[in-house]
2 protein chains.
Amino acid sequence: MKLSKRGEYALRALIDLGIASELGWPMLQASELATKEKLPIKFLEQIFTQLKAAGYVKSRRGKFGGYSLARPMSQIKFGTVIRLIDGPLAPIRCVSQMAYVRCSCPDEVHCGLRMLMLDVRNAITKLLDRYTLADIVEITLRKLRRDKVTPPFLSRSTKLRSVLPPMVNRLGDGGLKFNSVGPTSGRRRK
Amino acid sequence: MKLSKRGEYALRALIDLGIASELGWPMLQASELATKEKLPIKFLEQIFTQLKAAGYVKSRRGKFGGYSLARPMSQIKFGTVIRLIDGPLAPIRCVSQMAYVRCSCPDEVHCGLRMLMLDVRNAITKLLDRYTLADIVEITLRKLRRDKVTPPFLSRSTKLRSVLPPMVNRLGDGGLKFNSVGPTSGRRRK
DNA sequence: TCTATTTCCTATTGATCTAGTAGGGATATG
DNA sequence: CATATCCCTACTAGATCAATAGGAAATAGA
Ligand code: FES
Ligand code: FES
């Protein structure tokens with residue numbers, strides 16, 4: 001499951017759309033998003049076309065047009081979007097549920113590689129098929145507020161420019177570990 | 001993390017080499033493996049060259065030559081092999097530890113997509129960086145014995161042909177769930 | 001109506017990757 | 001010596017990726 005640029009931009013766009021809408025800006029323009037998030041405009045347009053065809057966003061054109069989410073954020077799962085844009089989530093087709101293809105192994109049942117990859121697939125889908133746009137937007141907003149940062153694509157009329165702290169590659173941080181914001185029922189006690 | 005054919009064949013070859021060696025056949029020929037496992041011979045040769053260069057297998061040529069594992073199976077981690085052949089495990093480079101590359105996001109720290117993908121990356125590496133060839137070979141052998149099946153590439157002198165049950169796509173089964181064969185210390189009680 | 005702004009649509013491109021194929025050279029066995 | 005095996009380099013057809021290009025259609029305000 002390698003996320004292509006196309007997929008990355010699509011998800012970033014959706015998340016931004018979600019954040020903006022949550023903050024009272026239900027509609028964003030492609031050019032706006034492209035400049036603030038530093039994506040190639042024309043490419044982004046193509047992606048929006050695809051997202052629209054799949055029913056994730058709707059659009060209005062002409063002056064003051066733009067794109068907005070076409071359905072509730074809690075109904076947009078990441079797994080589904082990624083499958084649409086980048087294809088199956090499974091690392092190998094013989095363990096894909098949505099797009100199974102037999103591989104050349106003479107005996108699938110006793111294939112060690114398949115057992116391992118099945119676990120990998122399950123680990124991936126467990127995350128991507130459970131998290132929705134609503135979850136991610138909520139978590140992101142919380143982080144933004146905690147650090148008192150405004151998202152860059154919301155500086156339209158306001159001159160308040162958000163200072164972006166330089167990124168250091170410390171991977172220990174990050175992740176979704178907010179006191180069990182997880183979408184499932186599993187609510188662990190502190 | 002999409003496993004290419006090249007990667008698939010490499011891992012299958014290593015697993016087969018492991019199984020064979022565990023059963024007393026320390027050396028397999030490329031042609032042998034190719035026909036029994038239905039892989040293109042010349043392609044497999046290339047892959048073996050790569051595996052040899054990286055120190056996973058050693059070879060002997062001439063008549064009765066072949067390939068064998070170059071080091072203990074417990075020291076061959078799947079993650080490392082896959083990284084060698086297919087590149088980084090992370091779905092997106094900004095969450096890769098081994099091959100970090102900044103992405104165009106204006107603010108990595110508050111990027112919702114990055115948080116999600118970091119979790120995906122961790123889920124993947126948790127499996128692939130912990131399981132070794134020894135683990136998979138052990139599990140596979142156990143399954144083979146349980147079902148009284150001989151691996152197809154071990155029918156050299158013996159005329160005993162292994163009957164291969166046809167595969168039905170039932171993904172509920174499979175996986176590595178043997179009574180906690182896991183490589184980590186976590187040994188859960190039944 | 002005219003103009004500016006926006007989305008929408010189709011085509012094209014250069015670069016890279018994939019999954020091999022082809023042909024022969026080096027080396028070991030008997 | 002013949003034969004079997006690994007080793008090495010080159011090549012390719014096709015797909016995919018990440019855009020870029022150019023303009024048509026719709027919308028809003030003057
Ligand atoms: S069954 Fe798909 S890799 Fe073996
Ligand atoms: S930081 Fe890499 S996707 Fe946002």
Side-chain angles (χ1 to χ4, degrees), chain A residues 1-13 17 26-35 37-54 56-68 70 82 84-88 91-93 101 103-104 156, chain B residues 1-13 17 25-35 37-54 56-70 82 84-88 91-93 101 103-104 156:
Chain A
M1 195 260 115
K2 167 78 164 43
L3 193 66
S4 66
K5 285 293 171 196
R6 193 183 198 88
E8 179 198 323
Y9 298 163
L11 295 181
R12 279 166 64 183
L17 233 38
M27 179 156 286
L28 289 183
Q29 293 159 9
S31 60
E32 196 176 5
L33 211 61
T35 54
E37 286 264 351
K38 291 191 285 190
L39 323 175
I41 309 182
K42 283 299 203 175
F43 193 23
L44 183 60
E45 279 184 2
Q46 283 183 27
I47 295 169
F48 267 128
T49 306
Q50 202 175 351
L51 287 177
K52 188 187 174 186
Y56 291 107
V57 303
K58 56 190 171 200
S59 64
R60 223 186 69 197
R61 52 185 177 179
K63 213 169 186 177
F64 303 114
Y67 294 93
S68 54
I82 295 179
L84 168 74
I85 292 187
D86 278 337
I92 193 172
R93 297 296 284 269
V101 169
C103 63
S104 69
R156 212 170 338 190
Chain B
M1 194 258 118
K2 166 80 164 43
L3 193 67
S4 66
K5 285 294 171 194
R6 194 185 196 86
E8 180 197 322
Y9 298 163
L11 296 182
R12 278 167 62 184
L17 233 39
W25 257 288
M27 177 155 289
L28 289 183
Q29 294 159 8
S31 60
E32 196 177 6
L33 211 62
T35 54
E37 285 264 352
K38 290 190 286 190
L39 322 176
I41 307 183
K42 283 298 205 176
F43 194 21
L44 182 60
E45 277 185 3
Q46 283 183 29
I47 295 170
F48 266 127
T49 307
Q50 201 175 352
L51 287 177
K52 187 187 175 184
Y56 291 108
V57 302
K58 58 190 172 200
S59 62
R60 224 187 67 197
R61 52 184 175 179
K63 210 166 187 177
F64 302 113
Y67 294 94
S68 55
L69 291 176
I82 295 179
L84 167 73
I85 292 189
D86 279 336
I92 194 173
R93 298 295 285 266
V101 169
C103 63
S104 70
R156 212 171 338 191

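Sequence lines set the chain letters: A, B, ... in the order given, protein chains first and strands last, and positions in each chain run from 1.
Side-chain contact between A:Tyr56 and A:Leu84: present, with at least one pair of heavy atoms (C-beta onward) separated by less than 4.5 Å. With contacts defined as side-chain heavy-atom distances shorter than 4.5 Å, the pair B:Glu45/B:Phe48 does not qualify. Counting heavy atoms from C-beta outward, A:Ile47 and A:Leu39 have side chains that stay 4.5 Å or more apart. Inter-residue side-chain proximity for B:Cys103 and B:Arg93 is flagged as unmet; no heavy-atom pair is nearer than 4.5 Å. Counting heavy atoms from C-beta on, the side chains of A:Lys2 and A:Asp86 never come closer than 4.5 Å.
Rounded to an integer number of Å, the gap from B:Met27 CE to C:dT29 P is 11 Å. Taking atom CD of residue B:Gln29 and atom C1' of nucleotide C:dA28, one finds them 13 Å apart after rounding to whole Å. Residue A:Ile47 contributes atom CD1, which lies 14 Å from atom P of C:dC8 at whole-angstrom precision. Put simply, CZ on A:Arg60 is 16 Å from P on C:dT5, counting in whole angstrom units.
Counting only N and O atoms by type, the side chains of B:Ser104 and A:Lys38 include no donor and acceptor under 3.5 Å apart.
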Show the distances under 3.5 angstrom between N or O atoms of the protein and N or O atoms of nucleotides 18-21 of chain C.
| unit_1 | atom_1 | unit_2 | atom_2 | d |
| --- | --- | --- | --- | --- |
| C:dA19 | OP2 | B:Lys5 | N | 3.2 |
| C:dG20 | OP2 | B:Tyr9 | OH | 3.1 |
| C:dT21 | O4 | B:Gln46 | NE2 | 2.5 |

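Put simply, chain B comes within 4.0 Å of DNA chain D, heavy atom to any atom, from D:dA4 to D:dA10, going 5' to 3'.
Mapping B:Lys52 and A:Lys63 onto DNA chain D via the closest heavy atom, the residue that lands nearer the 5' end is B:Lys52.
For the pair A:Glu32 (side chain) and A:Gln29 (backbone), a donor-acceptor distance under 3.5 Å is present.
The salt bridge (Lys or Arg N to Asp or Glu O under 4.0 Å) contacts involving residues 56-67 of chain A comprise nothing, where partners must be two or more places apart or lie in separate chains.
Among the heavy atoms of the strands, none lies under 4.0 Å from B:Phe48.
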